[in-house]
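The structure under discussion appears below in the form of structure tokens.
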Amino acid sequence: MTQEPSHIKAHAPFLFRPFRIGPLRLKNRIVALPVHTGFAHPDGRVSSLLINFSRRLAQSGAAMVVTANAAVSPDGAVSRYNLRIDRDDFIPGLNRLAETIQKEGAVASLQLNHAGRFAKHHRPLLPAPLDTSNFAFNIASLKEYMHFFPFERRFDLTRNFLSQVHAWRRGMDRTERERVMSDFSSAAVRACQAGFDMVELHGANGYLLCQFLSSFTNKRLEGTEDDFRRRASFPLAVIRSMRQSLPKDFPIGFRLILNEWVPDGIDFSEALNFARLLEAERIAYLSASSGTYNSIFSETVMKKMARPAYLQPEMAALKKTVRTPTIISGRIITPTLAGKLIKEGVTDLVGLGRPLLADPQWIKKARQKGGKIRVCLNCHTCLKRVVLEQGISCSRWPAVFRERIALEHKLLTRNRRGLWIVTRDGDRNLYQAAWPFLIPDLGREESRVSITLLDVSERSGDWGIRKVHEAPGERFAQWVRHRLREVGFPDGKVRSVIPKTGHNIENQVRQAIARDRYGLIVMGAAPKQAWQRRILYRESGKVIGWIGTHGRPEQVIVPIDFSDASLLAMRFLNRAIRKHPKITFTFCHVLTDATGEYRKRWMAFKAIVGFDHHVPLAVLPSAGDVASALIRLIQNGNYGTVIMGKRGLSGIKRWLLGSVSRKVLKELTDQSLFLIDW
């Protein structure tokens, strides 16, 4: 790995001349390249995290922002957090994304992709079965891939890779090829409907379109003189299919791989030939890339890719071969270098991926003489985190910002589906008193919210007296709908469910949770009901509320132990209920050492979560027992609600150390408890 100086002077006027791509005018020569972030929701929807990331890219001053890797098919996603565009209900979120980019003065392009054999799917698609002649290379590349990651992550990565290889036994048939072509066309239409100015086809990184072009993954054993045309036919057919569905002048760009660096793979001569074919299809631009997941982890390739502007010779030749606008990528670390490439005719446009991650002010500094660039150190933190599905991050970001992004990524697994369990008549009254905690005021940050009212009271199973419950149950459902409208969700879904059979309440509740994967589960506190405690501590990745009868639920205490679970609890509060006018919060920390480090950590926590820096932290001595100190404070302060992060300790750790939240729960009388599990 090569490292450049941390700051480099920059000034490059050639970067700021306008340029046209088809009907679109770019305000300068800089493109924010499609960098896979892993910032979509697990179901493929656009998230606020992705919106904000894209806004920062557009605010950087780039003329065009290409949003990465929208999967065109359910079987085409490369990540659990992959953006998707295979259904019409993704369009509203994608529209927000396009408008966010455009409002900052940038052209919005959406990259369409099918991951092919690299998809996270039990039956991945690929052009042809795995070629056994290259099996040794696949295993060698796996070894290099594993050494790239920490030792403790290698077992899972190896298992996942081998399960993929096991599924690479059959190639796509004609029906599957036609279906995927249709998926690309439908996705392009949705991108157009969502308001994007253009789309880009992902023909690099070893994904499906690249797999078809490469004889490494699409080898015909008998060989023919027209083998290259055969391999190129599928990506060309995808383009033609899209053309038939899109408006006449709607631009389609292409992410073009110049060197695959694998046996029998795409070399530069084939890339040039393919570029000529793409030009004949009226592709709007060619955005260059090199390497695939089978090659980029090798030491030799990493050394090549560490050099600044390592694609310069190939791009100069490409520019002489086609008249289609070109975008260079590959370690364009400084504005001076970028301006030189344009001035010398090496490329029409400069693509920035990691450089804009490392320094979002890169473009603004390029306008200033003496502007100092915070350059990418080529440490691969971003790549490692994306592969490990932790969401993209950069070692050059401030520590607080990195932690904030990591926390927001953690929240992507959470959802707004609420399960309110009614076990007795009084539960509805408890929920009405505690409604600010149960219907968080999150504004329009996300698009969907739903609440299920599950009546598992003893009489609910008796259909002969069902009518007795229908009136109060329906009135309560109407009240919930009214509250949802008040906080900005007029379309929020509320449904009442009464199980038809079964008398085991715990089983009914667990079945409902497993079936619909609720994110917020609440129940009326019944200390003698052991099943409630089991639900509280066995369900993970959720917010679970145990609602008591205390007369002052708005008096809230939040214990802070500076774990990730505490951070998550604070973020939940800041997003949901902290701004409610009637609710007051006390944040407290039980002091277990005398180092004073808690002051620095509290300031960092507030910065990460977005709290005002004046928010105080009450500190109290533990006297050797954290739980006892908290219980005394709760009782003496007459707090009605306790909100705690749950660390999710393993069984052996709970046995050795005990659980503070479990001990607190045992001593509560009429207070409510919310456990927020990390």
Side-chain angles (χ1 to χ4, degrees), residues 2 4-5 7-21 25-35 57 60-66 106-107 109 200 204 253-259 268 271-272 275 278-279 283-291 303-378:
T2 61
E4 295 79 11
H7 297 89
I8 301 175
K9 293 184 178 180
H11 180 61
F14 288 94
L15 289 175
F16 299 100
R17 295 177 177 176
F19 189 79
R20 295 196 72 84
I21 291 182
R25 181 182 184 274
L26 306 188
K27 62 186 178 183
N28 59 47
R29 303 296 186 94
I30 303 171
V31 175
L33 290 175
V35 176
L57 283 181
S60 72
M64 181 166 72
V65 174
V66 187
V107 168
S109 178
E200 175 181 291
F254 199 92
R255 186 79 163 155
L256 175 68
I257 187 167
L258 300 184
N259 284 291
F268 185 56
L272 286 182
L278 293 173
E279 183 168 59
I283 284 294
Y285 64 81
L286 297 171
S287 180
S289 179
S290 282
K303 286 180 179 179
K304 289 180 183 178
M305 297 178 71
R307 296 195 300 266
Y310 63 88
L311 289 180
Q312 180 176 349
E314 290 89 346
M315 289 302 298
L318 177 64
K319 186 76 168 60
K320 292 177 181 178
T321 302
V322 297
R323 290 177 293 178
T324 302
T326 59
I327 305 174
I328 192 172
S329 66
R331 302 281 296 154
I332 315 301
I333 57 175
T334 69
T336 301
L337 174 58
K340 182 174 180 286
L341 293 170
I342 292 175
K343 180 181 178 181
E344 295 179 355
V346 174
T347 186
D348 296 299
L349 299 161
V350 171
L352 301 179
R354 294 185 185 185
L356 278 185
L357 282 180
D359 191 350
Q361 301 297 312
W362 195 101
I363 298 171
K364 294 177 182 177
K365 292 174 181 178
R367 290 183 179 274
Q368 307 164 1
K369 289 185 178 180
K372 293 182 178 180
I373 301 297
R374 189 172 65 207
V375 301
C376 166
L377 298 179
N378 205 33

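All figures in this text were calculated on a predicted structure; none of them were measured in a lab. Below, all heavy atoms of this structure are taken into account, side chains as well, without hydrogens, waters or symmetry copies.
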- When you check the side-chain N and O atoms of Glu279 and Thr324, is any donor under 3.5 Å from an acceptor? yes
- Working to the nearest 0.5 Å, report the span between OH of Tyr310 and CE of Met305. 3.5 Å
- Message: Tell me the closest heavy-atom pair linking Ala63 and Leu26, and the distance in Å.
- Response: CB-CB, 3.8 Å
- Distance-minimising heavy-atom pair for Arg255 and Ser287: NH1-OG, 2.8 Å
- Item | Member of Ile328, Ile30, Thr326, Ile21 meeting the side chain to side chain contact (heavy atoms under 4.5 Å, CB included) criterion with Leu349 | Ile21
- Query: Between Arg29 and Asp348, is there a salt bridge with N-O shorter than 4.0 Å?
  - Reply: no
- Item | Separation between CG of Leu33 and CD1 of Ile327, rounded to the nearest 0.5 Å | 7.0 Å
- Message: Taking the side chain as everything from C-beta on, heavy atoms only, tell me whether Val65 gets closer than 4.5 Å to Val107.
- Response: no
- Task: Kindly say whether Leu357 contributes a backbone atom to a donor-acceptor pair with the side chain of Trp362 at under 3.5 angstrom?
- Result: no
- Test side chain to side chain contact (heavy atoms under 4.5 Å, CB included) on Ile373 and Ile333 and set out the steps. CA-CA 8 Å; Ile373 301 297; Ile333 57 175; over 6 Å; no
- Polar side-chain atom of Ser329 near backbone of Ala288 as donor-acceptor pair, under 3.5 Å: yes
- Task: Write down the atom of Ala338, the atom of Leu15, and the distance for their closest heavy-atom approach.
- Result: CB-CD2, 3.6 Å
- Write down the atom of Ile332, the atom of Leu352, and the distance for their closest heavy-atom approach. O-CD2, 3.7 Å
- Would you say Thr347's side chain and Val350's backbone share a donor-acceptor pair under 3.5 angstrom? no
- Message: I'd like to know if the side chain of Asn28 and the backbone of Gly61 have a donor-acceptor N/O pair within less than 3.5 Å.
- Response: yes
- Quick one: closest heavy-atom pair of Ala309 and Leu337, and the distance? CB-CD2, 3.9 Å
- Query: Could you go step by step and tell me if Arg367 and Lys364 meet the side chain to side chain contact (heavy atoms under 4.5 Å, CB included) rule?
  - Reply: CA-CA 5 Å; Arg367 290 183 179 274; Lys364 294 177 182 177; 5.8 Å; no
- Distance from Gln312 atom CD to Glu344 atom CD, nearest 0.5 Å? 6.5 Å
- Can you tell me how far the NZ atom of Lys343 sits from the OG1 atom of Thr336, to the nearest 0.5 Å? 11.5 Å
- In this structure, which one of Arg354, Lys365, Lys372 forms a side-chain hydrogen bond (donor to acceptor under 3.5 Å, both in side chains) with Asp359? Lys365
- Nearest-0.5 Å distance that lies between atom CD in Gln368 and atom CD1 in Ile363: 12.5 Å
- Closest heavy-atom pair, Ala271 versus Ile257, reported as atoms and distance to 0.1 Å, is CB-O, 3.5 Å
- Task: Show your reasoning for whether side chain to side chain contact (heavy atoms under 4.5 Å, CB included) applies to Tyr285 and Glu200.
- Result: CA-CA 9 Å; Tyr285 64 81; Glu200 175 181 291; 2.6 Å; yes
- If you round to the nearest 0.5 Å, how far is OG of Ser290 from CD of Glu314? 6.5 Å
